[in-house]
**Student:** 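The structure follows.
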Amino acid sequence: MFPALLLVTLPLSAALLMLLWPRFARSLHVTVALLSVPLAGYFLQQILLHGEQQWLLGGWSPLLAIRWQADSLSALLLLLSALLHLLVSGYALAVQARDRLPAAFWPLSSLLLASLQALWLARDLFNWYVCLELLGMVAVALVTLSGDKALKPALNYLLFSLFASLCYLLGVALLYAGYGALDLPLLAGQLEANRLNAMALLLITLGLMLKAACWPLHIWLPAAHAAAPAAVSALLSALVVKGPLFILYLVWTELAPQAFWLPASYLFALAALGALLFGGIAALRTPYGKSLVAYSTVAQLGYATLALAFVLRFNLPEFVAALWLFVLAHALAKAASFLAMGELQQTLGSKQVSALKGASQTMPLAMFAFAVAGGSLIGLPPSGGFLAKWALLLGLWQSQQYFWLLVLAVATLLAAAYVFRVVVLAFDRAEPTAPDFAPQRLPQYLALLPALAVWAMALFSMPLLTLLKQEL
Amino acid sequence: MTIMLMISWLLLALGLMFFLAGSIGLLRFPDSFSRLHAVTKADTLGLGLLVLGLSLQSSWREGLLMALIWLIVMASGAVSCQLLARFSDEQPSESATQQED
Amino acid sequence: MALLLFDLVLCALLLLLAGAAMLSRSLTQAVTLFIAFGVMMALAWARLKAPDLALAEAAIGAGLTGALCFTALVRYAKQPAYPQPALWRPLTFIGLVTALLLASLSQIPLQPSSAIPALVQQHLPQSGVSHPVTAVLLNFRAWDTLLELLVLLLALLGARQAPGDLPRYRGWSLSISWSRLLSPLLLLVSGYLLWRGAAAPGGAFQAGALLASGLVILRLNQQLSWLSWRHFWVRMLVLGGLLAFVLAGAVSLLLQDLGAVWLSWPQSIAGAVILIVESFATLAIAVTLTLLVVGEPKPEVADA
Amino acid sequence: MLSFYLYLGTAVLLVGIGGLGLWRGPELLRRILALNVIGAGIFMLMVTLAYRPVMQGEPADSVLHALVLTGLVVAVSATAFALALLGRLLTRAD
């Protein structure tokens with residue numbers, strides 16, 4: 001119980017203490033961020049050694065209590081959240097004075113970590129609702145840290161997020177009407193394929209897809225992620241949209257009756273197709289740097305949705321592996337590219353992509369970080385993105401889905417186009433945009449770190465794959 | 001006993017009539033002052049008659065509770081009515097614009 | 001038969017109020033209708049044998065949400081009128097979805113298969129309280145409640161990021177004397193609700209919301225000095241509920257064997273733990289809601 | 001039993017009415033109200049579901065009541081946050 005409990009309660013109580021004594025906020029925050037990583041690592045090791053673990057909170061019987069459960073996937077996500085949180089904390093520390101990051105960032109980002117960790121551990125439909133609501137409100141509060149210019153996107157984000165949670169709640173209420181339980185393992189395999197359950201699952205899926213910004217329900221995401229401070233955008237794109245995706249995966253693979261899998265897979269495949277094509281095109285056309293990265297998130301989530309669609313259709317282990325490899329690779333790459341882009345914009349003093357002209361000369365480190373992360377977004381070997389794409393391709397080849405191979409090729413070209421749009425501009429050294437002040441080195445190195453980590457994923461591909469296939 | 005019951009029903013009917021008149025007044029009267037006038041009649045007299053009528057049919061404890069409720073409603077009605085009247089007095093343009101649309 | 005008639009009238013009234021609130025031209029009307037809708041909703045829940053919720057809805061849903069909406073309404077006064085959009089397209093789509101939902105409702109079993117109510121009754125003696133809703137909230141599913149307090153806290157933290165200034169209401173002799181009369185009463189009733197929550201409908205949320213409404217009335221009539229986040233005691237009050245919850249969890253973990261799980265109260269002290277957590281939660285809810293409704297002073301106002 | 005279906009239907013219709021208001025707007029404040037109406041509809045559905053045992057002479061489902069109570073507090077928190085953002089947005093626009 002202890003490591004799992006500490007992973008949630010440590011950031012939670014630290015956030016409370018930070019609010020009580022704002023003077024110690026930063027030191028407390030850093031301490032907790034530093035402690036969380038080894039703790040999450042230890043927890044992952046425990047899970048790998050002893051297998052899946054579960055606890056019934058309060059010690060009541062499963063029907064009454066809220067269940068926490070941790071398998072290797074949950075443990076991996078816990079570790080990923082802790083790692084990225086530490087990284088972003090470091091970045092925030094490095095830039096807080098320059099970017100005038102409000103003091104509220106520290107408790108809020110600790111609360112974000114706590115609510116994410118609670119979400120990865122929970123296996124209870126209603127507790128997930130509260131976690132989702134919590135996650136959405138922390139995310140919106142973090143977006144508003146940018147001040148008045150972020151108000152409109154933040155309010156939009158909040159309203160969409162509220163509507164999404166209401167959809168989810170209605171679905172859960174309908175499921176409770178039929179089965180009188182909220183516990184996922186208890187409900188697993190119980191659901192019949194009738195109208196009521198179809199409606200309930202449809203509502204749950206709608207809510208979660210809205211929260212996970214799956215195309216065409218992504219419209220709130222680009223503005224909100226682009227308006228937030230760079231450190232916040234990195235957290236939002238890398239982690240927050242993955243929470244609802246995780247629930248969606250569990251609901252469909254464990255809860256939904258098999259009869260619904262095929263129609264659902266068509267729905268997800270359609271959403272994925274739209275995301276891959278239109279997300280990519282939008283990223284190619286937008287004039288703003290952070291919007292480009294945000295649209296790239298929409299496009300990249302398409303891969304994950306596609307993998308989920310094929311998990312439901314063919315039930316091959318390759319697709320499950322592809323899904324979570326995409327999530328991992330995208331989290332790392334997106335953290336890197338948002339931090340790098342934020343750094344570039346802040347130093348060059350403009351939001352426009354065109355301002356990045358000659359950035360390879362003025363800010364080589366940040367540009368390098370962006371390019372390396374972009375390589376993984378495109379799927380160049382041997383990056384984490386490539387690993388994920390390879391698993392997906394393998395599965396598609398085995399199940400003879402040649403049309404989708406073509407779609408993947410087009411999507412890859414689009415990703416390459418929007419990444420190279422920035423890179424080519426950066427190498428145009430004729431009249432580089434002069435930076436407003438001397439570029440800071442530390443934040444650029446911090447942006448480079450996850451980009452390198454995503455390429456290192458290829459080195460650890462075997463352990464990662466065995467870890468993920470344990471899920472099956 | 002039956003006489004008590006009959007009186008009680010009579011009081012209830014009378015109270016309901018006040019409520020009905022108040023509601024019609026709320027809907028039909030032209031400006032906020034006369035609307036307030038109509039509603040407060042229903043609140044004080046209508047509710048009072050209902051409480052009186054109902055307490056004839058119940059124990060003294062319930063009657064006391066209902067009387068307490070009536071007193072509180074009356075007090076809050078008086079205050080909120082004054083506040084509303086003051087508000088509409090301060091901002092005559094507000095009510096005028098509402099009547100236009 | 002009479003009950004069915006009552007149900008019919010109530011349901012028709014609810015639909016009418018909600019529809020009118022959504023379609024009315026003036027926003028002031030919409031908010032007023034929405035508050036009336038909240039009151040009717042509380043009535044419906046009392047009818048459906050959910051007195052806890054009726055209390056909470058009357059205080060939170062109708063009262064505080066209404067107060068919050070009026071605060072926003074004041075700011076709308078200067079906005080130009082919006083054109084009314086067309087109705088038929090959303091109407092057809094929403095009508096279709098609602099019809100689908102209605103069709104799926106027919107498959108809800110009338111006799112629930114759930115074993116949960118029986119299980120609640122069975123474990124009630126071990127929970128430390130005798131009112132089932134309180135037992136679920138603070139013992140069986142205490143983790144949900146902790147997270148929910150966190151959501152409330154977050155609303156305050158988020159709202160503090162976007163401070164807006166309101167025209168100040170200066171109070172008035174009648175409303176001031178009324179607030180002096182009313183607030184001790186509210187204080188008394190909220191204390192009673194909190195205490196009663198262990199055995200009967202009531203509890204931290206209802207009590208907290210009621211207390212908040214008392215504080216709001218006092219604050220609006222200048223009977224209470226500003227509650228400012230800069231004061232340590234205000235922060236302590238707001239965070240007290242969560243801190244008490246987490247501390248109670250930690251202490252009960254230490255009191256029991258190492259195999260114990262999070263938020264399981266030892267049976268002998270469960271009642272006391274729940275009462276302590278609820279008391280702090282009531283204060284936290286009250287102060288948080290008050291801050292959300294009346295806002296905070298600008299620094300120069302607070303110093304004056 | 002007729003009452004049960006009556007309340008169930010009313011709950012779903014409330015969700016529909018709220019959805020209509022959310023779509024149509026046009027003011028943001030009305031959209032926030034609409035979200036609250038949808039929420040009220042969903043909570044009413046849950047309360048009606050909790051009423052089912054009462055029709056067989058047993059006490060109502062207290063777990064559902066607790067869930068609704070949690071949902072109510074979450075809803076008012078979210079509304080308060082949204083209204084604060086809206087208020088800031090409106091005062092800034094002047």
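By convention in this document, chain letters (A, B, ...) are assigned in the order of the sequence lines, proteins followed by strands, and residues within each chain are numbered from 1.
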**Student:** What's the shortest heavy-atom distance between A:Ala173 and D:Leu49, and which atoms?
**Tutor:** O-CD1, 3.6 Å
**Student:** Within a 6.0 Å radius of atom OH on D:Tyr51, are there more than 12 heavy atoms belonging to other residues, nucleotides or ligands?
**Tutor:** yes
**Student:** Counting only heavy atoms closer than 4.5 Å, note whether A:Phe126 contacts chain D via side chain, backbone, both or neither.
**Tutor:** side chain
**Student:** I'd like to check D:Leu28 versus A:Leu159 (side-chain heavy atoms, cut-off strictly below 4.5 Å). Are they in contact?
**Tutor:** yes
**Student:** Sort D:Leu22 into side chain, backbone, both or neither according to what part of it lies under 4.5 angstrom from a heavy atom of chain A.
**Tutor:** side chain
**Student:** Test side-chain contact (heavy atoms from CB on, under 4.5 Å) on D:Leu89 and A:Asp148; report intermediate values, then the result.
**Tutor:** CA-CA 8 Å; D:Leu89 199 65; A:Asp148 279 353; over 6 Å; no
**Student:** Which atoms of A:Leu158 are under 4.5 Å from chain D, going by heavy atoms: the side chain, the backbone, both sets, or neither?
**Tutor:** side chain
**Student:** Heavy-atom cut-off 4.5 Å, strictly under: side chain, backbone, both or neither for D:Leu35 against chain A?
**Tutor:** both
**Student:** Quick one: what part of A:Thr144 sits under 4.5 Å from any heavy atom of chain D, side chain, backbone, both or neither?
**Tutor:** side chain
**Student:** Give, for atom CD1 of D:Ile32 and atom CG of A:Leu155, the distance between the pair rounded to the nearest 0.5 Å.
**Tutor:** 5.5 Å
**Student:** At their closest point, which heavy atom of A:Leu166 faces which heavy atom of D:Ile42, and how far apart are they?
**Tutor:** O-CD1, 3.3 Å
**Student:** Considering residues, nucleotides and ligands other than A:Phe246, do more than 12 of their heavy atoms fall under 6.0 Å from its CZ?
**Tutor:** yes
**Student:** Distance check, rounded to the nearest 0.5 Å: D:Arg31 atom CZ versus A:Leu162 atom CG?
**Tutor:** 13.5 Å
**Student:** Answer yes or no: are there more than 12 heavy-atom neighbours, outside D:Tyr5 itself, under 6.0 Å from its atom OH?
**Tutor:** yes
**Student:** Set out, in order, the CA-CA distance, both residues' side-chain angles and the distance that settles side-chain contact (heavy atoms from CB on, under 4.5 Å) for D:Met46 and A:Leu174, then state yes or no.
**Tutor:** CA-CA 9 Å; D:Met46 290 165 81; A:Leu174 291 183; over 6 Å; no
**Student:** Could you look at A:Val130 and say if it's the side chain, the backbone, both or neither that has a heavy atom under 4.5 Å from chain D?
**Tutor:** side chain
**Student:** Is the shortest side-chain heavy-atom distance between D:Phe43 and A:Leu169 below 4.5 Å?
**Tutor:** yes
**Student:** Is any side-chain heavy atom of D:Asp61 closer than 4.5 Å to one of A:Tyr176?
**Tutor:** yes
**Student:** Please examine the side chains of A:Leu182 and D:Leu67, heavy atoms only from C-beta on, and report whether any two atoms are closer than 4.5 Å.
**Tutor:** yes
